[in-house]
Each structure stands twice: as structure tokens, then as C-alpha cells.
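Lettering of chains follows the sequences in order, A, B, ..., and the numbering in each one begins at 1.
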Amino acid sequence: MPELPEVETIARFLREGGREQESILRAQISDAGLTWRRTLAAPEDPAALERLAGQRVREIGRRGKFLLLGLDRDTLLFHLRMSGDLVVGRAGEAPGPHDRFFIDFTDGRRLTFTDPRKFGRVWLTAEPQEVLAPLGPEPFGPDFTPGWLYQALHSRRRQLKPLLLDQSFISGLGNIYSDEALHRAGLHPLRASDRVTPEEAGKLWEAIRETLSSGIATQGASIDWVYRGGDFQNHFRVYQRTGEPCPSCGTAIQRIVVGQRGTHFCPSCQPWKE
DNA sequence: CACGAGACCTGTTCGC
DNA sequence: TGCGAACAGGTCTCGT
């Protein structure tokens with residue numbers, strides 16, 4: 001599930017609350033539990049989770065695809081990878097089969113990290129910047145400008161699709177939103193980054209922001225069993241629409257594999273160029 | 001530096 | 001109906 005809009009949606013839900021659910025801001029941790037060892041990326045020793053007890057949630061944020069819980073002395077970072085999710089429930093209940101990590105609060109609630117495929121990771125650290133350091137600019141941050149994008153595209157020679165997926169280039173895009181953004185920009189996914197013109201870079205800049213904005217506005221995409229609530233899957237232009245007509249021109253959407261990822265595009269709106 | 005393959009995992013859907 | 005193959009929102013590591 002989790003690309004920038006889905007993680008942002010979850011962060012807002014935890015911060016602002018939702019149906020029947022109050023914010024976990026200021027909730028105080030009483031206990032923590034780990035039911036799948038490898039889910040904890042740091043620290044090495046799970047016994048160190050004991051230091052969570054007593055700390056309160058002071059801040060809830062997102063950086064790229066990381067969800068951050070700022071505590072009194074530490075930060076908890078969550079990366080949901082392919083199938084992770086964060087849900088609020090009652091403390092004391094038996095963990096479900098896919099629950100990997102949880103923190104209990106003194107008010108009787110529990111925040112559970114659930115993740116069927118076990119790819120997700122949690123970091124507990126006083127230095128979150130060390131985990132986040134490799135990330136490229138935030139798509140809605142001040143560093144991400146059309147001019148920056150143009151020069152960054154030209155500082156390397158990569159195919160556009162894998163480059164957009166590279167979190168050290170730009171943070172937050174995943175397979176859905178990169179396909180959607182390239183379609184909006186009218187750029188072929190295999191186009192060489194250093195061949196893009198300033199005008200095309202400007203289009204791509206705008207397409208990335210518009211695509212992510214509509215994803216956030218619809219509370220992310222829910223596909224299969226993995227995610228709940230969002231509606232962006234009903235607004236896909238190309239993603240998982242192989243053979244269906246392009247919403248702009250009617251041409252059949254094509255699927256190719258790029259960097260081992262399914263890639264969807266309109267051969268007419270996104271023509272191949274050297 | 002760029003790229004492809006394999007690894008890490010489980011669950012669902014597809015094709016015969 | 002059954003069963004193996006293919007596929008899935010991500011990222012890391014290794015070899016070329």
C-alpha cells in the first residue's frame with residue numbers, strides 16, 4: 001500500500017483521529033511488544049524497547065514513506081514497505097497472526113504495526129536523521145523546484161521510471177504514483193533522464209505534485225486486502241489498466257517490466273524518444 | 001555509475 | 001475443482 005499519500009493519510013489519522021478514534025498525540029506509552037524479530041531494524045537488542053515505557057507521543061509526522069512518532073527522548077520510525085499498516089486498538093488483546101510490533105498506552109489503547117509480508121521495519125532511535133539522511137527532497141518541500149528537477153535529471157543518466165522510484169533522488173514516489181505522474185507529464189518511462197528538456201522537466205514537476213495531491217485528497221489507494229479507506233484506485237489513469245483505453249486519447253494502455261516492476265503507460269500520450 | 005537478478009515474505013489471482 | 005505459476009504498494013545487496 002504505502003507510498004507517500006497512503007503514509008500521509010495514516011499519519012493524519014493518528015494525529016487528528018478519525019471515526020471513533022481519537023488522536024494518539026500526547027498518549028503515554030506503558031509497554032511495547034515485538035512478535036517478529038526482524039521487524040525491528042534498530043536497535044539491535046529488542047530489550048532496549050523497554051526505554052519506550054513512560055515516553056509520550058509529542059509529534060506525528062512523515063518523511064518520504066517513513067512515518068515518524070516523535071517521543072519525549074526518542075523517535076519511532078516506521079516503514080510499511082509492501083504490506084505494512086498501523087492500526088489503533090485495545091491493549092491486552094492477543095496479537096493477530098500478522099501483527100509484528102505494538103505499543104500500549106496508559107489509556108488502554110494499543111498501536112499495532114501489522115504486516116503480512118514481513119518487509120516492514122521499525123527503528124527506535126534518538127537520532128532519526130541518521131535513518132532519513134539518504135532521502136531525496138520532499139515533493140512538497142522547498143527544495144523540490146522545477147529548476148532543481150531539471151538539473152538533477154541531467155546530473156545522471158537513468159531511465160525515468162527507475163529514477164523516480166529511487167528514494168535518494170526524490171522521496172515518496174512508488175510504483176503507482178510514478179506511473180501516474182509519467183502519464184500526466186506525457187513522458188515515456190524508459191526515457192533517458194538527461195535527455196529531458198526544461199519544459200518537460202517542468203511538466204514532470206507539476207505532474208508529480210498533482211498526482212500526489214490527488215492521492216492525498218482521496219486518502220490514498222486501496223488495492224486488494226492491504227489497505228482500507230482510500231479511493232485513489234478509482235482515479236488510476238494507467239496503473240493496473242493494461243489493455244484499457246487511455247483516459248486522454250483512448251489508446252490501449254500498455255504494460256512492460258522495468259527494473260522488475262510492472263510499468264503502465266500510454267504509447268500514444270507517452271511516445272518513445274531517444 | 002547504471003542495470004539486472006536474487007533475496008526477503010505471504011496471500012491472492014491467473015492459467016491450464 | 002485443483003494446483004503450480006505469476007504477481008503484488010518496497011528496498012537492499014551483489015555481480016557485471
Apply ring pair (Phe, Tyr, Trp, His ring centres under 6.0 Å) to the pair A:F236 and A:F232, showing each step before the final yes or no.
-> CA-CA 7 Å; A:F236 291 165; A:F232 190 65; 5.7 Å; yes
Report, as yes or no, whether the 6.0 Å neighbourhood of atom CD on A:E16 holds more than 12 heavy atoms from other residues, nucleotides or ligands.
-> yes
Which class fits the ring pair A:F101 and A:F78: parallel under 30°, tilted 30 to 60°, perpendicular over 60°?
-> tilted
Taking the P atom of each, how far is C:dC7 from B:dG6, in whole Å?
-> 14 Å
Between C:dG9, B:dA2, B:dC9, which nucleotide gets closest to the side-chain atoms of A:R158?
-> B:dA2
N or O in side chain of A:K118 less than 4.0 angstrom from B:dT10 OP1/OP2 = yes
What's the closest nucleotide to the A:R81 side chain, out of C:dG9, C:dC7, C:dT11?
-> C:dT11
Atom-to-atom span, CG of A:L4 to C1' of C:dG10 - whole angstrom | 14 Å
P gap between C:dC3 and B:dC8, integer Å = 27 Å
A:L165 CG to B:dA2 C1': how many Å, rounded?
-> 15 Å
Return the orientation label for the A:H264 and A:Y239 ring planes: parallel under 30°, perpendicular over 60°, tilted otherwise.
-> perpendicular
Write down the distance between CZ (A:R121) and C1' (C:dC12), rounded to a whole number of angstrom.
-> 10 Å
Short side-chain N/O contact from A:R37 to OP1 or OP2 of B:dC9, under 4.0 Å = no
Please give, in whole Å, the distance from B:dC9 P to A:W36 CH2?
-> 6 Å
Rounded distance [0.5 Å steps], OG1 in A:T75 versus CD in A:E127 = 8.5 Å
Could you give the CG-to-P distance, from A:D115 to C:dG10, as a whole number of Å?
-> 13 Å
OP1, OP2 of C:dT11 versus side-chain N and O of A:R261: anything below 4.0 Å?
-> no
side-chain contact (heavy atoms from CB on, under 4.5 Å) partner of A:R62, chosen from A:R12, A:R15, A:E138 | A:E138
A:L80 CG to B:dC8 C1', in whole Å, measures 17 Å
Looking at the side chain of A:Q260, which of B:dT10, B:dC3, B:dG6 is the nearest nucleotide?
-> B:dG6
Rounded interatomic separation in angstrom, taking CG from A:D166 and P from B:dA2 | 9 Å
What integer distance in Å separates A:R117:CZ from C:dA6:C1'?
-> 12 Å
Short side-chain N/O contact to B:dA2 OP1/OP2 from A:R156, under 4.0 Å | no
Has A:K65 got a side-chain N or O lying under 4.0 Å from the OP1 or OP2 atom of C:dG9?
-> no
A:Q21, CD: over 12 other non-hydrogen atoms inside 6.0 angstrom | yes
Report which part of the nucleic acid A:F232 touches: base, sugar-phosphate, or nothing (heavy-atom distance under 4.0 Å, all strands).
-> nothing
Is there aromatic stacking of A:F119 against C:dT11, centre distance under 5.5 Å, plane angle under 30°?
-> no
Criterion ring pair (Phe, Tyr, Trp, His ring centres under 6.0 Å) on A:F102 and A:W36, from CA distance to verdict = CA-CA 11 Å; A:F102 61 84; A:W36 181 254; over 10 Å; no
Among the candidates C:dA8, C:dG9, B:dT10, find the nucleotide nearest to the side-chain atoms of A:E3.
-> C:dG9
Toward the 5' end of DNA chain B, by each residue's nearest nucleotide, A:G259 or A:R38 | A:G259
OP1 or OP2 of C:dT11 under 4.0 Å from side-chain N/O of A:H79 | yes
Is the shortest side-chain N/O distance from A:R157 to OP1 or OP2 of B:dC3 below 4.0 Å?
-> no
Testing B:dG11, C:dG9, B:dC3 for proximity to the side chain of A:P2, the answer is C:dG9
Have a look at A:R100 and say if it touches a base, only the backbone sugar-phosphate, or nothing, with a 4.0 Å heavy-atom cut-off.
-> nothing
Map every base of DNA chain C to its dot-bracket character, where paired means a Watson-Crick or G-U wobble contact with both distances under 3.5 Å and | marks a partner outside the strand.
-> .|||||||.|||||||
Is the backbone N or O of A:K161 less than 3.5 Å from a side-chain atom of A:S178, with the two atoms forming a donor-acceptor pair by type?
-> no
Whole-Å P distance, C:dT1 and B:dG11 | 23 Å
Nearest to side-chain heavy atoms of A:H98, which nucleotide of B:dA2, C:dA8, B:dG11 | B:dG11
